[in-house]
Every structure is written in C-alpha cells, then in structure tokens.
Amino acid sequence: MTNFLQPLRSAFAVVQGIVRSYAEIFFLSRAAVGFVLVVGTLLNWRIGAAGLLAVVAAYAFARLIRMDARTLQSGYYTYNPLLAGLSLGATLTWSWPTALLIVVAGVLTFLLTAAIVHLFRFYLNLPALSLPFVVGSAIMHTAALRYSSLGLNSRKLGELMSDDFGLPLVVVGFCKSLGAIVFVPSVAVGAMFSLLLLIRSRILFGLAVGGYLLGTSLRAMLLDNPQQAYLDVYSFNFLLIAMAVGGVFLVPSGTSFLIAAAAVCCSIVLVDAVQVFGYFFAVPAYTLPFNLVTLGV
C-alpha cells in the first residue's frame, strides 16, 4: 500500500512546490493561496500558460540536477522563473519558438536565482527577492529583439478582464496594480487577489493599500496628472515595498510602518527613472525599484 501511494505523494509534492511559487510572489507560502493565484493568471490563458511552462521547466531542471526536494517544495527558488515566464507571455504571441524561449527563460532564471541567493546569503546576509527575475527578464527581452520569428502580443484583455465596473479611479488603479504583479492588470483579477490578501493577512493588505495610496498620491503631485499616477501599473512597486519592509522583513509596528512609508517615498523617483530607461533601451525593469529600495532598507 505504501509503495502504491508513493507516486501520488511525489506528484502532490511537485504540484505543491509549483503552486507555492505563485504564493511566494505575495510573501504568502500557503499552497492554497498559490492555487488561487494560478487560477487568476490563467484567466488570461496566454500569460498564465507561459508562467506555468516556465516554472515547470525550472522545477524539472532543478530535479535533474538533484536539488533537495524539500527546498524546491517551498517555491522560493522557482517564483523568479515564474515571473520571467509571465513577462514573456505578456509580451510575445504564442508559437513554438516562443514556448522554447519561455523554457530557456525558466531554466536561466532558476540558475540566476540559485547564484544570487547564494551570493547574497554568504556575503550580504540579504534575500534575493525578485532580483533574479529582473536580470533574467532583461536578458531574455533584449535577446528577443533579435529573433524575427517571435511576434509581439497586443496585450489586449478580454471584455470582463478590462472592465472597470464603474469603480473610483483609486480603487481601479489599486486593483490593476495588484494584478500587474503577475502581469494581468485587471480590476477583476486584482479584486480577487485583494480579497485573498485580506483573508490571509490584514496587516499585509493594509500595508499594500497604504503603500499604493502614499506612492501614487505623491507621484500625482509631481506629475500633475492624477490619472496617469493612479493607473500606472508600475505602482505595484509601492505595494510590494510597503508589504516587504513594513510587514515581512521588519516586525510590524509603528516604527516599521514609518520606515516603509519612507521607503515608498524614496521609490517614487526610481519608478520614473526605470520607466525612462526602459523606454530608451527597450529593456523593462519591472520590479527593479522594489528590489533596490527594499534591499537598501
């Protein structure tokens, strides 16, 4: 009986490791949370399938080189490959060359993750966060500019996914920013993730809301254009910084919340700087502001 159940247990461990990769993006390690996030990304199947393919490729390669199964099961080493796959799915149309590039991106970003995690732990005593994804996606997007067999995705969402449901501008912007973390800037997806975050951690949810409001409000003053500030999907950096600094890497307290607020304020100029950089060099920076500010703090 034990021998019969062993393959089922192994399969369950693999699935658990894959779905936890999704949960790690939002600093939540529960497999149930990851499953909801999988469903959320698959609502836009091109993006969701690309992310799933990348994380499966990374997981398979990790097993091939005999990485510890328990380490893999946490999802810590595979959420960066997942993000790399999602970014390519949001940028490129589906084809066999695209699928091959996504598999390569998953494996390459996994290798970058293993290297950066080791270097940061040994020399700096810091987490890698999503820095391997930033480096890996920059490499893949730069290389993709030379591949004429790849087509660009129109990035158009379906009718339900693009509907704002008549909600206030700030609510729409918050939900889209939350969905944009997994490259699905949709009010429907963002509302689903908001509810999930609220259920799992009211502190992280409060920090996400506070970080978004602070960052976008100050940016609206600087840009003199509230709509541009609130609807800019790069505002997800404010959410992630507030959650990471105020509720994950520091013990939640009044002091940590003030430090998180200061970090969000510092990130505003970085958000605009990386967008200008990406515009001129055609290299997306995505979570670079989040990584630089969070690691610095």
Side-chain angles (χ1 to χ4, degrees), residues 15-56 75 78-80 82-90 130 133 153 155-213 215-216 230-244 246-248 286-287 290:
V15 172
Q16 194 173 40
I18 290 173
V19 297
R20 277 183 173 171
S21 303
Y22 289 76
E24 281 288 330
I25 297 173
F26 290 89
F27 310 106
L28 303 170
S29 58
R30 296 295 182 89
V33 173
F35 179 77
V36 175
L37 296 174
V38 172
V39 173
T41 59
L42 287 174
L43 290 176
N44 189 320
W45 74 267
R46 291 179 178 84
I47 297 174
L52 199 56
L53 178 60
V55 73
V56 168
T78 47
Y79 75 87
N80 277 288
L82 165 63
L83 288 170
L86 291 171
S87 71
L88 291 175
S130 56
F133 153 65
N153 194 341
R155 298 195 180 190
K156 289 183 179 180
L157 300 175
E159 185 176 347
L160 175 64
M161 301 283 282
S162 59
D163 194 348
D164 292 346
F165 304 102
L167 296 171
L169 179 65
V170 176
V171 177
V172 170
F174 174 75
C175 291
K176 286 190 174 182
S177 295
L178 201 56
I181 295 174
V182 290
F183 297 90
V184 188
S186 163
V187 173
V189 173
M192 180 195 303
F193 292 169
S194 299
L195 181 60
L196 181 66
L197 196 59
L198 178 61
I199 292 172
R200 291 304 312 159
S201 174
R202 285 170 292 180
I203 292 177
L204 289 183
F205 176 79
L207 285 166
V209 173
Y212 172 80
L213 291 176
T216 53
Y230 288 124
L231 296 182
D232 189 344
V233 292
Y234 266 79
S235 296
F236 65 74
N237 282 280
F238 304 142
L239 310 178
L240 292 174
I241 290 169
M243 288 192 292
V248 177
Y286 297 131
T287 58
F290 157 68

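All values reported here derive from a predicted model rather than from experimental measurement. The chain is numbered in sequence order, starting from 1.
Residue Ile203 places its CD1 atom among 12 or fewer non-hydrogen atoms of other residues, nucleotides or ligands, all under 6.0 Å distant.
For the pair Leu213 and Thr216, the tightest heavy-atom approach, listed with the atom from each and the gap, is O-OG1, 3.5 Å. Nearest heavy-atom pair, Gly85 versus Ala50, reported as atom, atom and distance to 0.1 Å: O-CB, 3.3 Å. Heavy atoms only, all atoms of each residue included: Arg20 and Arg30 are closest at CG-C, 4.4 Å. The minimum heavy-atom distance between Ser235 and Ser177, with the atom names listed, is CB-OG, 3.5 Å.
With contacts defined as side-chain heavy-atom distances shorter than 4.5 Å, the pair Leu178/Phe236 does not qualify. Put simply, the side chain of Tyr230 reaches to within 4.5 Å of the side chain of Tyr212, judged on heavy atoms. Lys176 is not listed as a side-chain neighbour of Val189, based on a closest heavy-atom distance of 4.5 Å or more. The side-chain heavy atoms of Val248 and Leu204, taken from C-beta on, include a pair separated by under 4.5 Å.
From Ile181, atom CD1 reaches atom CG of Asn237 across 9.0 Å, with rounding to the nearest 0.5 Å. Interatomic distance, Cys175 SG to Met192 CE, rounded to the nearest 0.5 Å: 11.5 Å. To the nearest 0.5 Å, atoms CG (Leu53) and CG (Leu88) are separated by 10.0 Å. For the atom pair CZ (Phe205) and CG (Leu195), the distance works out to 8.5 Å, reported to the nearest 0.5 Å.
Classified by interplanar angle (parallel below 30°, tilted 30° to 60°, perpendicular above 60°), the ring pair Phe133/Phe183 is perpendicular.
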With a 3.5 Å cut-off and sequence neighbours excluded, list the donor-acceptor pairs that the side chains of residues 34-43 form with protein atoms.
residue : atom : partner : partner atom : Å
Thr41   : OG1  : Leu37   : O            : 3.4
Thr41   : OG1  : Val38   : O            : 2.8

Throw together a table of side-chain donor-acceptor distances under 3.5 angstrom for residues 21-28, partners on residues two or more places apart or in other chains.
residue : atom : partner : partner atom : Å
Ser21   : OG   : Gly17   : O            : 3.1
Ser21   : OG   : Ile18   : O            : 3.3
Ser21   : OG   : Thr78   : OG1          : 2.5

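Put simply, the side chain of Asp164 never gets that close to the backbone of Gly166: no donor and acceptor are under 3.5 Å apart. Judged by distance alone, the side chain of Asn44 and the main-chain N or O of Val184 form no donor-acceptor pair under 3.5 Å.
Residues passing the side-chain hydrogen bond (donor to acceptor under 3.5 Å, both in side chains) test with Ser130 are Thr287, Asn291, sequence neighbours excluded.
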